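The structure displayed is predicted, hence computed values, not measured ones. Below, read A as the first sequence line, B as the second, and so on, with proteins coming before strands; counting in each chain starts at 1.
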Amino acid sequence: MAIFQESSIEQYQKLIDEIGILRSIIDATKSEVAHMHTNNPNTSHITSAQDELDAILECTADATNNILESAEALFNYSERCSDDQKSFLQEHCTRIFEACTFQDLTGQRVTKIVRTLQMVEEAFVRILSGFSQDDVVPVHMEKIETPPQVGELVFDNMDERSLMNGPQIKAPDQDAIDNLFENLIIPTAKIKNST
Amino acid sequence: MAVDPSKIRIICIDDYKTMLRIIINLLRQLGFSEIDEATDGVTAYEKIQEKNYDLIISDWNMEPMSGLELLKKVRANPHCAKVPFIMVTAESKPENVIIAKQAGVTNYIVKPFNLSTLKNKLTAVLGEF
């Protein structure tokens, strides 16, 4: 079914122009990200957003490993200290270990952003390729399937890729997860040999 | 009777080596010392088939085999079907928790987590230590 009425060429041109502006914004963003480099000479060749992501992950992993190394050294040293000193050192080392989990979550969030930008860019390229500037014609789109209603638990045939979303902005805390987990009633036939 | 943590054989799986290092450090603080590691589900599954582990701790978001896929393979293999499996993951949507429990996960920890949470979950799975 055609989604655009065959109106004036001016309307189509305006739409093309708007899409072109959005494309420029994406290109400018990528360019800005590519210019956010460190003084590390090993990163001077970076040109793509994917390379930038890898560099971010590498830098944060290096920094985190340095922090962990020092925390581990302090923790091991604490075994030679008095009880009070040992307790003090180990408590703070534990807090350092816990805080360092930021590196994993940062990496996952950055990966999500880059993937989203790539998807948006690919969508724009497809949209742009659907228009002809010489001979504007309506773009035919396939019917959008109605998504499952909220509340329908259709999980049996779910694409498992869709479950890998990484950290959420407003993620539930452990207590909320525990509440859900402990109160879930799964039919016996569906549980796979859990202890 | 309390469990001796130094005798518990654990395998930890996470594709981020720093996260793996953190989890292992926290486990050592709790008294566990028999800890193997893997950075992907395929390698982890090979190790799980070769050795009798008392506990599996795994991330979800990994390639080429996700933690969920690893869980399903473990539960389908009579050699390791009953081994407690704790998912430690940033995936916190209700459908993730539901599907993991359906697949037979023993417990579920969301990142970021602290030592106290880890200890509580291990106690729930293994008993007091």
Side-chain angles (χ1 to χ4, degrees), chain A residues 57 60-65 67-69 71-72 75 90-91 93-109 111 153-156 158 160-168 170-182 184-187 190-195, chain B residues 14-23 25-26 28-29 59-63 66-69 71-72 74-78 80-85 89-118 120-121 124-125:
Chain A
L57 295 180
T60 56
D62 284 347
T64 309
N65 279 321
I67 294 168
L68 286 173
E69 208 171 298
E72 285 163 2
F75 191 90
Q90 291 192 352
E91 184 194 331
C93 287
T94 301
R95 287 165 69 176
I96 291 170
F97 294 143
E98 291 168 356
C100 284
T101 55
F102 82 90
Q103 194 266 337
D104 178 21
L105 298 177
T106 298
Q108 292 191 48
R109 289 188 192 279
T111 301
L153 295 181
V154 185
F155 293 138
D156 283 346
M158 199 170 202
E160 289 182 3
R161 295 278 132 194
S162 69
L163 294 168
M164 290 160 75
N165 298 293
Q168 304 298 306
K170 289 183 181 176
D173 62 12
Q174 185 66 49
D175 286 342
I177 295 292
D178 288 346
N179 191 45
L180 172 63
F181 189 87
E182 283 152 22
L184 274 172
I185 300 173
I186 309 288
K190 282 187 178 285
I191 298 177
K192 309 283 190 244
N193 295 320
S194 64
T195 54
Chain B
D14 199 304
D15 57 346
Y16 274 110
K17 288 183 182 176
T18 47
M19 178 54 74
L20 209 47
R21 190 171 179 174
I22 291 164
I23 293 175
N25 270 309
L26 293 176
R28 289 198 174 125
Q29 275 191 260
D59 184 22
W60 185 315
N61 217 322
M62 300 185 291
E63 298 283 355
S66 71
L68 181 66
E69 289 165 336
L71 169 62
K72 289 180 177 180
V74 164
R75 289 291 177 249
N77 185 336
C80 49
K82 300 285 186 188
V83 177
F85 192 119
T89 174
E91 304 295 347
S92 57
K93 291 185 172 182
E95 51 263 41
N96 288 86
V97 179
I98 293 167
I99 287 178
K101 188 158 186 179
Q102 258 185 289
V105 82
T106 317
N107 222 310
Y108 200 102
I109 299 176
V110 287
K111 295 174 181 174
F113 62 94
N114 56 32
L115 183 68
S116 173
T117 298
L118 183 62
N120 288 342
K121 297 304 174 193
V125 170

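Ranked by heavy-atom pairs under 4.5 Å with chain B, the first of A/Arg95, A/Glu182, A/Glu72, A/Gln108 is A/Glu72. Chosen from B/Arg28, B/Glu91, B/Lys72, the residue pairing most often with chain A at heavy-atom distances under 4.5 Å is B/Glu91. Looking only at heavy-atom pairs under 4.5 Å with chain A, the residue among B/Ala100, B/Gly67, B/Pro112, B/Ser92 that has the most is B/Ser92. Ranked by heavy-atom pairs under 4.5 Å with chain B, the list A/Ile177, A/Leu180, A/Asp173 is led by A/Ile177.
At least one donor-acceptor pair under 3.5 Å links the side chain of B/Asn25 to the backbone N or O of B/Arg21. Formation of a donor-acceptor pair under 3.5 Å by the A/Asp104 side chain with backbone atoms of B/Thr18 is not found in this model. Looking only at distances, a side-chain donor or acceptor of A/Gln168 sits under 3.5 Å from a matching main-chain atom of A/Gly166. Put simply, the side chain of B/Glu69 gets close to the backbone of B/Ser66: a donor and an acceptor are under 3.5 Å apart.
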From CA spacing to verdict: side chain to side chain contact (heavy atoms under 4.5 Å, CB included), A/Thr101, B/Lys111 = CA-CA 8 Å; A/Thr101 55; B/Lys111 295 174 181 174; 5.9 Å; no
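Contacts between A/Leu68 and chain B at a heavy-atom distance below 4.5 Å involve backbone atoms as well as side-chain atoms. Looking at B/Thr117, only its side chain comes within 4.5 Å of chain A, counting heavy atoms on both sides. With a 4.5 Å cut-off on non-hydrogen atoms, B/Lys17 does not touch chain A at all. Proximity to chain B is limited to the side chain of A/Leu57, based on heavy atoms less than 4.5 angstrom apart. B/Ile109 touches chain A through backbone and side chain together, each having a heavy atom under 4.5 Å away.
Under the rule for a side-chain contact (heavy atoms from CB on, under 4.5 Å), the partners of B/Gln29 that lie at least two apart in sequence or sit in another chain are A/Phe75, A/Thr94, A/Phe97, B/Leu26, B/Leu115. With sequence neighbours excluded, the residues satisfying side-chain hydrogen bond (donor to acceptor under 3.5 Å, both in side chains) with B/Asn77 are B/Tyr45.
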